[in-house]
Amino acid sequence: MFLDPRVIILFAGNALLLFLCLLVNSSLAPLSLYLVLLGPMLVLPALYLNHRSFFLCTLLTGLWVDAALPAAFGLFTCGFLVMGTLIAMARIRFRAEHNYHPILLAHIVNFVCLVLLTASQGLHTLSAPAFWLQLMITALLSHAALLIVAPWFFNLQRLLFELCHVDTEPDEFPML
(Lines give C-alpha, C1' and ligand atoms only; values in the text may rest on other atoms or scores of the structure.)
Protein backbone atom coordinates (compact mmCIF):
# COMPACT_ATOMS: atom_id res chain seq x y z
CA MET A 1 0.00 0.00 0.00
CA PHE A 2 1.32 3.43 -0.93
CA LEU A 3 0.05 5.22 2.19
CA ASP A 4 -0.11 3.44 5.50
CA PRO A 5 -3.36 4.45 7.25
CA ARG A 6 -1.45 4.66 10.51
CA VAL A 7 0.30 7.77 9.16
CA ILE A 8 -3.01 9.63 9.16
CA ILE A 9 -3.89 8.37 12.65
CA LEU A 10 -0.51 9.28 14.11
CA PHE A 11 -0.47 12.70 12.43
CA ALA A 12 -4.01 13.44 13.67
CA GLY A 13 -2.96 12.46 17.19
CA ASN A 14 0.10 14.70 16.94
CA ALA A 15 -2.04 17.61 15.73
CA LEU A 16 -4.44 17.03 18.64
CA LEU A 17 -1.58 17.01 21.16
CA LEU A 18 -0.12 20.21 19.72
CA PHE A 19 -3.53 21.90 19.75
CA LEU A 20 -4.17 20.91 23.38
CA CYS A 21 -0.68 22.03 24.38
CA LEU A 22 -1.23 25.42 22.71
CA LEU A 23 -4.56 25.79 24.53
CA VAL A 24 -2.90 25.09 27.88
CA ASN A 25 -0.05 27.47 27.03
CA SER A 26 -2.50 30.25 26.21
CA SER A 27 -4.07 29.76 29.65
CA LEU A 28 -0.68 29.71 31.39
CA ALA A 29 0.72 32.73 29.51
CA PRO A 30 -0.38 35.34 32.10
CA LEU A 31 1.69 33.42 34.67
CA SER A 32 4.70 33.26 32.30
CA LEU A 33 4.58 29.46 32.39
CA TYR A 34 4.79 27.33 29.27
CA LEU A 35 4.69 23.65 28.36
CA VAL A 36 6.79 22.03 25.65
CA LEU A 37 5.25 18.61 24.98
CA LEU A 38 6.77 17.69 21.63
CA GLY A 39 8.52 14.49 22.70
CA PRO A 40 5.59 12.04 22.37
CA MET A 41 4.96 13.12 18.77
CA LEU A 42 8.02 11.29 17.43
CA VAL A 43 8.11 8.11 19.41
CA LEU A 44 5.35 5.90 17.99
CA PRO A 45 5.92 6.88 14.33
CA ALA A 46 9.59 5.98 14.74
CA LEU A 47 8.79 2.70 16.51
CA TYR A 48 5.79 1.55 14.45
CA LEU A 49 6.11 2.70 10.84
CA ASN A 50 8.35 1.65 7.97
CA HIS A 51 10.83 4.21 6.71
CA ARG A 52 8.64 5.80 4.00
CA SER A 53 5.60 6.15 6.24
CA PHE A 54 7.75 7.34 9.13
CA PHE A 55 9.35 10.01 6.94
CA LEU A 56 5.97 11.27 5.74
CA CYS A 57 4.43 11.38 9.21
CA THR A 58 7.45 13.06 10.76
CA LEU A 59 7.76 15.57 7.94
CA LEU A 60 4.09 16.57 8.21
CA THR A 61 4.32 16.80 12.00
CA GLY A 62 7.49 18.88 11.84
CA LEU A 63 5.95 21.29 9.35
CA TRP A 64 2.81 21.55 11.49
CA VAL A 65 4.86 22.33 14.62
CA ASP A 66 7.05 24.83 12.76
CA ALA A 67 3.96 26.64 11.54
CA ALA A 68 2.38 26.73 15.00
CA LEU A 69 5.31 27.69 17.23
CA PRO A 70 7.29 30.94 17.20
CA ALA A 71 10.66 29.45 16.32
CA ALA A 72 12.85 29.52 13.25
CA PHE A 73 11.00 27.77 10.44
CA GLY A 74 12.50 24.36 9.70
CA LEU A 75 13.94 23.94 13.20
CA PHE A 76 11.49 21.25 14.24
CA THR A 77 11.10 19.72 10.79
CA CYS A 78 14.82 18.99 10.54
CA GLY A 79 15.13 18.22 14.24
CA PHE A 80 12.20 15.78 14.20
CA LEU A 81 13.58 13.98 11.16
CA VAL A 82 17.03 13.59 12.74
CA MET A 83 15.74 12.53 16.17
CA GLY A 84 13.13 10.20 14.69
CA THR A 85 15.69 8.57 12.43
CA LEU A 86 17.97 7.92 15.40
CA ILE A 87 15.08 6.32 17.30
CA ALA A 88 14.05 4.30 14.25
CA MET A 89 17.57 3.01 13.71
CA ALA A 90 17.75 1.80 17.32
CA ARG A 91 14.16 0.62 17.58
CA ILE A 92 15.10 -3.04 17.83
CA ARG A 93 16.21 -2.21 21.39
CA PHE A 94 12.86 -0.72 22.44
CA ARG A 95 9.58 -2.47 23.15
CA ALA A 96 6.73 -0.52 21.60
CA GLU A 97 3.81 -2.48 23.03
CA HIS A 98 4.30 -1.17 26.58
CA ASN A 99 4.62 2.44 27.69
CA TYR A 100 7.93 2.20 29.58
CA HIS A 101 10.32 2.68 26.69
CA PRO A 102 8.13 5.13 24.75
CA ILE A 103 7.81 7.35 27.84
CA LEU A 104 11.56 7.32 28.36
CA LEU A 105 12.10 8.17 24.69
CA ALA A 106 9.49 10.94 24.91
CA HIS A 107 11.40 12.56 27.79
CA ILE A 108 14.68 12.35 25.89
CA VAL A 109 13.16 13.82 22.72
CA ASN A 110 11.41 16.54 24.72
CA PHE A 111 14.73 17.48 26.34
CA VAL A 112 16.38 17.67 22.91
CA CYS A 113 13.51 19.88 21.69
CA LEU A 114 14.14 22.23 24.62
CA VAL A 115 17.84 22.30 23.71
CA LEU A 116 16.92 23.11 20.10
CA LEU A 117 14.68 25.96 21.23
CA THR A 118 17.42 27.28 23.50
CA ALA A 119 20.04 27.12 20.76
CA SER A 120 17.74 28.87 18.30
CA GLN A 121 17.41 31.89 20.61
CA GLY A 122 20.96 33.00 19.95
CA LEU A 123 24.02 33.63 22.07
CA HIS A 124 22.90 36.98 23.44
CA THR A 125 20.15 35.38 25.56
CA LEU A 126 22.45 32.84 27.18
CA SER A 127 24.04 35.46 29.43
CA ALA A 128 20.76 36.51 31.06
CA PRO A 129 19.96 34.79 34.39
CA ALA A 130 16.23 35.32 33.81
CA PHE A 131 16.49 33.26 30.62
CA TRP A 132 17.98 30.31 32.52
CA LEU A 133 15.35 30.59 35.25
CA GLN A 134 12.56 30.58 32.66
CA LEU A 135 14.17 27.64 30.87
CA MET A 136 14.47 25.59 34.07
CA ILE A 137 10.87 26.29 35.05
CA THR A 138 9.67 25.40 31.56
CA ALA A 139 11.74 22.21 31.53
CA LEU A 140 10.56 21.08 34.97
CA LEU A 141 6.92 21.88 34.25
CA SER A 142 7.08 20.21 30.83
CA HIS A 143 8.66 17.02 32.09
CA ALA A 144 6.28 16.83 35.05
CA ALA A 145 3.32 17.21 32.68
CA LEU A 146 4.88 14.67 30.35
CA LEU A 147 4.64 12.03 33.09
CA ILE A 148 0.85 12.29 32.81
CA VAL A 149 0.39 13.24 29.17
CA ALA A 150 2.72 10.70 27.50
CA PRO A 151 0.99 7.51 28.73
CA TRP A 152 -2.40 8.99 27.87
CA PHE A 153 -1.21 9.99 24.42
CA PHE A 154 0.38 6.64 23.60
CA ASN A 155 -2.72 4.76 24.77
CA LEU A 156 -4.91 7.12 22.73
CA GLN A 157 -2.92 6.41 19.59
CA ARG A 158 -3.06 2.65 20.17
CA LEU A 159 -6.81 2.90 20.81
CA LEU A 160 -7.24 4.78 17.53
CA PHE A 161 -5.34 1.97 15.79
CA GLU A 162 -7.81 -0.55 17.17
CA LEU A 163 -10.87 1.58 16.45
CA CYS A 164 -9.79 2.04 12.84
CA HIS A 165 -8.96 -1.68 12.50
CA VAL A 166 -5.35 -1.15 11.44
CA ASP A 167 -2.35 -3.27 12.34
CA THR A 168 -1.16 -2.49 15.85
CA GLU A 169 2.15 -4.32 15.48
CA PRO A 170 5.29 -2.39 14.51
CA ASP A 171 6.66 -2.89 11.00
CA GLU A 172 10.10 -4.28 10.34
CA PHE A 173 12.63 -1.51 9.76
CA PRO A 174 15.45 -2.71 7.53
CA MET A 175 18.85 -1.26 8.22
CA LEU A 176 20.02 1.07 5.47
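Quick caveat: nothing in here was measured; it's all calculated off a predicted structure.
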(request) Flag the pair P129 / L133 as yes when at least one side-chain heavy-atom distance between them is below 4.5 Å, and no otherwise. (result) no

(message) If the condition is side chain to side chain contact (heavy atoms under 4.5 Å, CB included), which residues does L56 pass it with, not counting sequence neighbours?
(response) L3, V7, L60

(request) State yes or no: do L114 and L17 share one hydrophobic cluster built from I, L, V, M, F, W and Y residues joined by side-chain heavy-atom distances below 4.5 Å, directly or via other members? (result) yes

(message) Using the side chain to side chain contact (heavy atoms under 4.5 Å, CB included) criterion, which residues pair with A144? Sequence neighbours excluded.
(response) none

(request) Heavy atoms only: give me the nearest S32-Q134 pair and the separation to one decimal. (result) O-NE2, 3.0 Å

(request) Apply ring pair (Phe, Tyr, Trp, His ring centres under 6.0 Å) to F76 and list each qualifying residue two or more places apart in sequence or on a separate chain. (result) F80

(message) Test question: given the 4.5 Å side-chain rule for I, L, V, M, F, W and Y, name all other residues clustered with L86, or answer none.
(response) V82

(request) Measure centre to centre between the rings of F161 and Y48, then say whether the value is under 6.0 Å. (result) yes

(message) Strictly distance-based, threshold 3.5 Å: is any side-chain N or O of N155 a donor or acceptor partner for the main-chain N or O of P151?
(response) yes

(message) Who clusters with F111? Use side-chain heavy atoms, under 4.5 angstrom, across I, L, V, M, F, W and Y, and order the result by chain and number.
(response) V115

(message) Working to the nearest 0.5 angstrom, can you tell me the gap between L160 CG and I9 CD1?
(response) 6.5 Å

Counting only pairs under 3.5 Å, give me each side-chain donor-acceptor contact of residues 33-45, with atom names and distances, residues two or more places apart or in other chains.
none

(message) Return the CG to CE distance between N110 and M83, rounded to the nearest 0.5 Å.
(response) 9.0 Å

(message) Holding to side chain to side chain donor-acceptor pair (under 3.5 Å), I want the full list of residues that pass it with T61, two or more places apart in sequence or in another chain.
(response) N14

(request) For residues D66 and G74, report the shortest heavy-atom separation together with the two atoms involved. (result) OD2-N, 3.0 Å

(message) So, taking the atom named CG in L20 and the one named CG in N25, what distance separates them when rounded to the nearest 0.5 Å?
(response) 11.0 Å

(request) Would you list the pairs meeting ring-ring contact (aromatic ring centres under 6.0 Å, His included) in which at least one residue belongs to residues 133-159, sequence neighbours left out? (result) H107-H143

(message) Checking the side chain of D4 only, and the main-chain atoms of S53 only, is there a donor and an acceptor separated by less than 3.5 Å?
(response) no

(message) I need the L10 CG to L49 CG distance, nearest 0.5 Å.
(response) 5.5 Å

(message) Are I137 and L147 linked, directly or through intermediate hydrophobic residues, by side-chain heavy-atom contacts shorter than 4.5 Å (ILVMFWY only)?
(response) no

(message) F11: which residues meet the ring pair (Phe, Tyr, Trp, His ring centres under 6.0 Å) condition with it, sequence neighbours left out?
(response) W64

(message) Membership question, hydrophobic clusters at under 4.5 Å side-chain separation (ILVMFWY): are L104 and I87 in the same one?
(response) no

(message) Could you list the cluster mates of M136? Members are the ILVMFWY residues connected by side-chain heavy atoms closer than 4.5 Å, either directly or through other members.
(response) none

(request) List, by chain and then residue number, the residues other than L81 in its hydrophobic cluster (Ile/Leu/Val/Met/Phe/Trp/Tyr, side-chain heavy atoms under 4.5 Å); write none if there are no others. (result) F55, L59, L63, F73

(message) If I take atom CG from residue L117 and atom OG1 from residue T138, how far apart are they, to the nearest 0.5 angstrom?
(response) 9.5 Å

(request) Treat each ILVMFWY residue as a node, draw an edge where side-chain heavy atoms are under 4.5 Å apart, and state whether I148 and L156 are in one component. (result) no

